[in-house]
Asker: 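Could you have a look at this structure, given as structure tokens, before my questions?
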Amino acid sequence: MATRPGPLTEWPWQWMGSFKYLVLAPAALHTAHRLVTKGWGDMNLAYATMLPALLLRMIHNQIWISLSRHQTARRKHIIVDRSLEFDQVDRESSWDDQIIFNGLFFYLAYVAVPNVSQMPVWRTEGVIITALLHIGPVEFLYYWFHRALHHHFLYSRYHSHHHASIVTEPITSVIHPFAEQVVYFLLFSIPTMTPTFMGCGSVLAVVLYITYIDFMNNMGHCNFELVPKRFFHAFPPLKYLMYTPSFHSLHHTQFRTNYSLFMPFYDYIYNTMDNSTDELYERTLKGTEETPDLVHLTHMTNLRSTYHLRVGIASIASRPSDNPVWYMWMIWPVAWLSMVLAWVYGSSAFVVESLNLKKFKMQTWAIPRYNFHYGFIWQRKSINSLIEKAILDADGRGVRVLSLGLLNQAKQLNGSGELFTQKYPKLRVRLVDGSGLATAVVLKSIPLGTKQVFLCRSSSKLAHATATALCERGVQVIMNQKKEYDMLKSRVPENSTVYLKFSSDEIPQIWIGDNIDDKQQRRAPSGTIFIPTSHFPLKKTRKDCTYLSTPAMKIPEAMQNVHTCENWLPRRVMSAWRIAGIIHAQEGWNMHECGDDMMDIEKVWSAAIRHGFIPLSKA
């Protein structure tokens with residue numbers, strides 16, 4: 001929102017929220033009625049192109065979003081090194097408003113302008129007129145309108161909404177108040193409607209011009225430099241005819257320079273070109289490799305996680321994954337295709353996120369595999385090869401700590417990472433499974449004064465460590481599975497075994513466990529508190545019971561560039577396993593935490609609190 005919103009700031013359908021696409025319903029119904037009554041024979045080219053063109057624009061924009069987020073996570077050619085936060089993601093989630101607006105206009109133009117329905121596929125003279133009208137009137141009028149928008153009166157009421165994004169993303173290009181977007185639309189209608197009224201318009205001319213607008217808008221608002229220098233060497237005048245992402249980024253950081261739309265020649269003519277434009281272009285195009293202090297190695301979970309990644313759909317990734325949106329079913333084919341491509345062609349981990357905590361740099365890498373892959377015995381060797389490759393890559397780059405997330409640390413897969421430390425005893429990068437801090441979080445989640453807890457079918461390292469710590473503190477741990485009871489009893493110190501009890505009758509109101517299924521939950525008394533010791537949340541079956549989060553903590557306010565949710569966790573909440581890697585690197589601890597080795601529970605908890613991480617019970 002602008003600092004002092006003016007008239008027509010809000011879009012007319014803003015009140016409709018995610019149901020705003022219903023404004024296109026009349027056009028869709030009219031089309032359906034026309035098909036039923038007159039058949040496909042009455043459908044001309046211009047009318048048939050409208051809906052596919054809108055869908056292609058959305059796909060085109062999403063490709064740019066994913067490309068930009070992947071490149072900025074790698075950080076090699078980054079332009080503006082500042083934080084991107086949730087408020088910007090929320091503000092820019094309405095990037096599709098202008099596509100809806102264009103769809104309505106196309107439909108009305110088809111109905112009201114006879115020449116539209118008669119447009120052929122291609123008219124060369126119309127294409128030439130479109131190009132000349134853009135180079136001439138459109139670029140000139142945009143330049144002066146843009147300068148006018150930076151006058152205090154218009155800036156505070158309209159354009160400040162766009163400039164609230166210092167760190168730009170491709171979709172920043174279309175984030176404007178409604179009134180401002182109407183002016184842009186009228187401006188861009190000059191090259192498309194003029195040939196139409198002259199009788200030389202064509203369908204491809206309109207589609208290609210709109211594609212050009214989207215391409216240049218998206219490219220110019222990327223926060224990384226991608227335009228090759230050889231383009232300008234091969235054709236030197238191109239610097240006056242095509243801008244670059246670094247050119248436009250200076251407009252968002254300096255505000256009073258580089259006003260041009262796509263062709264910078266008016267900035268040269270009117271002396272508003274920023275003096276550092278060429279230097280910034282050269283420096284960001286060359287780029288610098290950045291070595292993170294920590295890498296967190298995760299993987300995709302289910303098909304939905306494909307677009308929940310940071311490189312996926314921004315508005316979905318900014319919310320917990322267990323809050324699906326209504327249009328999720330429409331993009332299932334994309335998720336399936338992504339899964340197949342990842343499975344077939346995914347040969348190494350890829351960067352999905354970069355975070356900063358003061359001077360401490362972190363990256364998240366993802367193994368291109370999903371939960372179900374980890375369940376196949378015949379996939380274990382392949383998955384371990386991917387993990388091993390990522391570990392060696394991190395080690396070669398000088399990464400200090402690599403934390404194993406989700407099933408990458410599964411005991412049956414690689415012994416909680418011990419497979420790699422045994423195979424490579426001279427690893428410089430420290431491997432961390434985070435079990436020490438995760439155990440501490442579970443212990444701190446148990447209400448004070450608890451005398452008994454029920455350990456439900458839990459064989460994980462974390463569950464055993466939690467049960468052992470409880471027994472040592474004089475809390476009775478009850479189990480009803482004899483095999484697991486005998487296994488755990490052999491690990492508990494002899495002086496504490498008295499607090500470990502096998503019973504099928506006693507069922508306390510505090511339950512801890514890795515995977516407590518529906519049948520087990522129904523046996524729990526009313527008011528039971530379920531505390532998961534797994535990476536994955538429990539399915540909530542009982543309404544009369546309390547379900548706590550998977551082990552996690554709220555991150556410090558100083559942590560920057562956080563604008564996605566970690567799987568099902570709320571905003572600015574991070575899993576304990578991931579935090580453990582951060583603490584390990586910040587403290588400079590030299591041991592691996594994998595296999596049967598575990599950090600001292602109280603030591604790692606105190607370090608986490610000292611570094612600003614907050615228990616969820618106090619968040």
Side-chain angles (χ1 to χ4, degrees), residues 46 49-50 53-54 56-57 60-61 64 98-99 101-103 105-106 109 113 115-116 119-150 159 162 170-176 180-222 226-227 231-232 234-245 247-248 251 258-270 272-273 277:
T49 304
M50 283 192 281
L54 296 180
L56 286 174
R57 288 191 68 196
H60 182 192
N61 289 341
W64 274 106
Q98 48 91 26
I99 295 180
F101 182 66
N102 286 0
F105 176 82
F106 292 155
V113 182
N115 285 359
V116 172
M119 286 197 301
V121 177
W122 178 264
R123 289 283 295 272
T124 302
E125 62 270 33
V127 173
I128 294 172
I129 292 172
T130 295
L132 292 176
L133 287 173
H134 176 85
I135 295 170
V138 171
E139 288 283 346
F140 178 79
L141 292 172
Y142 178 91
Y143 175 85
W144 285 107
F145 177 62
H146 195 178
R147 288 192 66 169
L149 286 172
H150 279 260
H159 203 49
H162 177 71
I171 51 176
T172 306
S173 61
V174 293
I175 303 303
H176 302 284
E180 188 176 335
Q181 189 66 46
V182 169
V183 177
Y184 294 141
F185 182 78
L186 293 174
L187 190 62
F188 296 143
S189 294
I190 295 173
T192 56
M193 295 309 297
T194 301
T196 302
F197 286 121
M198 292 173 62
C200 57
S202 64
V203 172
L204 269 183
V206 175
V207 171
L208 290 176
Y209 182 67
I210 293 172
T211 302
Y212 167 76
I213 297 294
D214 285 342
F215 181 91
M216 296 299 290
N217 255 335
N218 285 318
M219 183 198 73
H221 285 81
C222 286
L226 74 159
V227 181
F231 285 8
F232 300 105
F235 185 62
L238 188 63
K239 67 181 295 185
Y240 304 105
L241 301 175
M242 186 179 80
Y243 74 167
T244 65
F247 171 94
H248 192 69
H251 177 71
N258 296 11
Y259 292 101
S260 292
L261 178 55
F262 306 139
M263 300 178 175
F265 55 79
Y266 284 114
D267 281 303
Y268 284 100
I269 292 172
Y270 296 109
T272 52
M273 173 69 72
T277 298

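It should be emphasised that the depicted structure is a prediction, and the values quoted were computed from it without experimental measurement.
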Asker: So, R123 side chain and G199 main chain: donor-acceptor pair closer than 3.5 Å or not?
Answerer: yes
Asker: State, yes or no, whether a side-chain contact exists between F247 and D267 at a heavy-atom distance under 4.5 Å.
Answerer: yes
Asker: Is the distance from the ring center of Y266 to that of W144 below 6.0 Å?
Answerer: no
Asker: Can you measure from CD1 (I129) to OG1 (T196) and round to the nearest 0.5 angstrom?
Answerer: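 I129 CD1 to T196 OG1: 10.0 Å, rounded to 0.5 Å.
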Asker: Taking the six-membered ring for Trp and the single ring otherwise, decide whether the centroids of Y259 and Y142 are under 6.0 Å apart.
Answerer: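 Judged by ring-centre distance (under 6.0 Å), Y259 and Y142 do not meet the cut-off.
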Asker: From H176 NE2 over to L149 CG, what is the distance, rounded to the nearest 0.5 angstrom?
Answerer: 9.0 Å
Asker: Supply the atom-to-atom distance I135 CD1 to L241 CG, rounded to the nearest 0.5 angstrom.
Answerer: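 Between I135 CD1 and L241 CG, I get 7.0 Å after rounding to 0.5 Å.
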Asker: Side-chain donor-acceptor pair under 3.5 Å between Y143 and E139, yes or no?
Answerer: no
Asker: Taking the six-membered ring for Trp, are H162 and H221 ring centroids under 6.0 Å apart?
Answerer: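 Here the rings of H221 and H162 have centres that are less than 6.0 Å from each other.
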Asker: Rounded to the nearest 0.5 Å, what separation is found between the CE atom of M119 and the SG atom of C200?
Answerer: 11.0 Å
Asker: If only atom types and distance count, is the side chain of S173 paired as donor or acceptor with the main-chain N or O of P170 below 3.5 Å?
Answerer: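 Yes, S173 side chain to P170 backbone: donor-acceptor pair under 3.5 Å.
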Asker: Of the non-hydrogen atoms in V138 and P191, which two are nearest, and what is the gap between them?
Answerer: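 Taking every non-hydrogen atom into account, CG2-CG, 3.5 Å.
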Asker: Any chance you could measure F262, atom CZ, to F215, atom CZ, to the nearest 0.5 Å?
Answerer: 11.0 Å
Asker: So which atom in P245 and which in C222 form the shortest heavy-atom distance, rounded to 0.1 Å?
Answerer: CB-O, 3.5 Å
Asker: Can you find a pair of side-chain heavy atoms, one from H251 and one from H150, that are under 4.5 Å apart?
Answerer: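 Yes, close enough: below the 4.5 Å cut-off.
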Asker: Using the ring-ring contact (aromatic ring centres under 6.0 Å, His included) criterion, which residues pair with F265? Sequence neighbours excluded.
Answerer: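 ring-ring contact (aromatic ring centres under 6.0 Å, His included) check on F265 returns nothing, list empty.
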Asker: Should Y243 and M263 count as side-chain neighbours, where that means a heavy-atom distance under 4.5 Å?
Answerer: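 No, side chains not in contact.
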Asker: V203 vs W122, test: side-chain contact (heavy atoms from CB on, under 4.5 Å). Steps then yes/no.
Answerer: CA-CA 7 Å; V203 172; W122 178 264; over 6 Å; no
Asker: Has T277 got a side-chain atom pairing as donor or acceptor with M273's backbone, closer than 3.5 angstrom?
Answerer: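 Checked: no pair found.
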Asker: Tell me whether T192 contacts the main-chain N or O of V206 through its side chain, where contact means a donor paired with an acceptor under 3.5 Å.
Answerer: no
Asker: What's the shortest heavy-atom distance between L133 and I190, and which atoms?
Answerer: CD1-O, 3.7 Å
Asker: Of all heavy-atom pairs between G126 and P195, which one has the smallest distance, and what is that distance?
Answerer: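 So the minimum-distance heavy-atom pair works out to O-CG, 3.9 Å.
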Asker: For a 4.5 angstrom cut-off between non-hydrogen side-chain atoms, does T244 reach M219?
Answerer: no
Asker: Given side chains that start at C-beta, do those of F106 and I210 come closer than 4.5 Å, heavy atoms only?
Answerer: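 When only atoms from C-beta onward are counted, I210 and F106 do touch, with a gap below 4.5 Å.
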Asker: Does the side chain of F188 reach to within under 4.5 Å of the side chain of L261, using non-hydrogen atoms?
Answerer: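 Yes. Closest side-chain heavy atoms under 4.5 Å.
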Asker: Does any non-hydrogen side-chain atom of Q98 lie less than 4.5 Å from one of Y184?
Answerer: no
Asker: Can you tell which of L56, V174, I99 makes a side-chain contact (heavy atoms from CB on, under 4.5 Å) with N61?
Answerer: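 That would be I99.
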Asker: With side chains defined as the heavy atoms from C-beta onward, is the minimum distance between N258 and P264 less than 4.5 Å?
Answerer: no
Asker: If you compare all heavy atoms of T49 against all heavy atoms of V207, which two are closest, and at what distance to 0.1 Å?
Answerer: CG2-CG2, 3.9 Å
Asker: Once you round to the nearest 0.5 Å, how far does OG1 of T211 lie from CG of L204?
Answerer: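 Result: 9.5 Å between the selected atoms.
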